[in-house]
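Presented below is the structure to which this report refers.
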Amino acid sequence: MFYYGVFLQFHIWYFVRKNFNKKIANIALFLAAINMPLIYYSQEIRCYSLQVLLSVLIFIQTFEILKKGNIKNYLLYFIFAIFAVNTHYYQIIFIGLNFLYIFFSLLKEKRTKELAIFCIGNIAILLSFLPYYFI
């Protein structure tokens with residue numbers, strides 16, 4: 001499943017270009033392309049490549065939620081987060097820290113309606129992981 005690595009490279013470039021500039025995005029793409037652990041794990045253990053790809057997609061949606069919180073961004077965030085926590089259990093830590101960051105950012109901006117939607121969605125993310133916790 002080499003295409004996780006290909007999608008990862010594109011999404012890293014897209015994320016950095018959108019938030020910084022094209023020159024920095026090209027440097028980030030180069031560094032990600034020659035990153036030995038990413039190359040090794042994309043050939044040996046597929047879930048790590050998928051995990052890094054999902055992390056980048058979650059970062060993209062995190063920044064979109066903080067800029068303009070429309071329902072599409074929340075839905076994509078929740079879908080990617082559910083896939084991420086079910087890909088590898090370490091993603092629970094990542095999602096938990098991401099939850100705290102978005103929670104306090106939305107609380108600071110007094111966007112209470114979006115905060116309620118975000119908390120309910122994170123409960124759904126946690127519930128999707130619970131069957132693995134009990135097994």
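The model shown is predicted, which means the values in this text are computed figures rather than measured ones. All residue numbers refer to positions in the sequence shown, counting from 1.
Cluster membership check: Leu76 shares its hydrophobic cluster with Leu57, using side-chain heavy-atom separations under 4.5 Å among Ile, Leu, Val, Met, Phe, Trp and Tyr. Under the 4.5 Å side-chain contact rule for hydrophobic residues, Leu100 and Leu107 share a cluster. Hydrophobic cluster membership is shared by Ile125 and Phe104, with clusters built from Ile, Leu, Val, Met, Phe, Trp and Tyr side chains linked at under 4.5 angstrom. When hydrophobic clusters are built by joining Ile, Leu, Val, Met, Phe, Trp and Tyr residues whose side-chain heavy atoms come closer than 4.5 Å, directly or via intermediates, Leu126 is not grouped with Ile65. If you chain together hydrophobic residues whose side chains sit under 4.5 Å apart, Val16 and Tyr14 fall into the same group.
Interatomic distance, CD1 of Ile79 versus CD of Gln61, reported as 9.5 Å (0.5 Å rounding). With rounding to the nearest 0.5 Å, the separation of CG in Leu115 from NZ in Lys108 is 14.0 Å. Annotation: the span from Ser55 atom OG to Leu50 atom CG amounts to 9.0 Å, rounded to 0.5 Å. Rounding to the nearest 0.5 Å gives a distance of 7.5 Å between CD1 of Ile95 and OG1 of Thr62. Atom NZ of residue Lys113 and atom CG of residue Leu106 lie 13.5 Å apart, to the nearest 0.5 angstrom.
Between the side chains of Tyr77 and Glu64, no donor-acceptor pair is found at a separation under 3.5 Å.
Relative orientation of the His88 and Tyr90 rings is tilted, given thresholds of 30° and 60° on the angle between their planes.
Residue His11 comes nearest to Ile60 through the heavy atom pair O-CD1, 4.0 Å, listed as atom of the first residue, atom of the second, then distance. The two residues Ile58 and Ala84 come nearest to each other via the heavy atoms CD1-CB, 3.9 Å.
Between the side chain of Asn86 and the main chain of Ile82, a donor-acceptor pair closer than 3.5 Å is present. The backbone N or O of Thr87 lies less than 3.5 Å from no partner atom in the side chain of Gln51, so there is not a single donor-acceptor pair. Side-chain N or O atoms of Arg111 include one that pairs as donor or acceptor with a backbone N or O of Leu66 at under 3.5 Å.
Phe99 is linked by a ring pair (Phe, Tyr, Trp, His ring centres under 6.0 Å) to Phe103, Phe118, counting only residues two or more places apart in sequence or in another chain.
Under a cut-off of 6.0 angstrom, the local environment of OH in Tyr74 is crowded, with over 12 non-hydrogen atoms contributed by other residues, nucleotides or ligands. The environment of Phe15 atom CZ is dense: over 12 non-hydrogen atoms of other residues, nucleotides or ligands sit within 6.0 angstrom. By the neighbour-count criterion of 12 heavy atoms within 6.0 Å, atom NZ of Lys67 is densely surrounded, having more than that number from other residues, nucleotides or ligands.
Residues in residues 23-37 take part in these side-chain hydrogen bond (donor to acceptor under 3.5 Å, both in side chains) pairs, two or more places apart or across chains: Trp13-Asn26.
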Report task. Verify ring-ring contact (aromatic ring centres under 6.0 Å, His included) between Phe59 and Phe80, making sure each step is shown before the conclusion. Result -> CA-CA 10 Å; Phe59 271 131; Phe80 293 145; over 10 Å; no

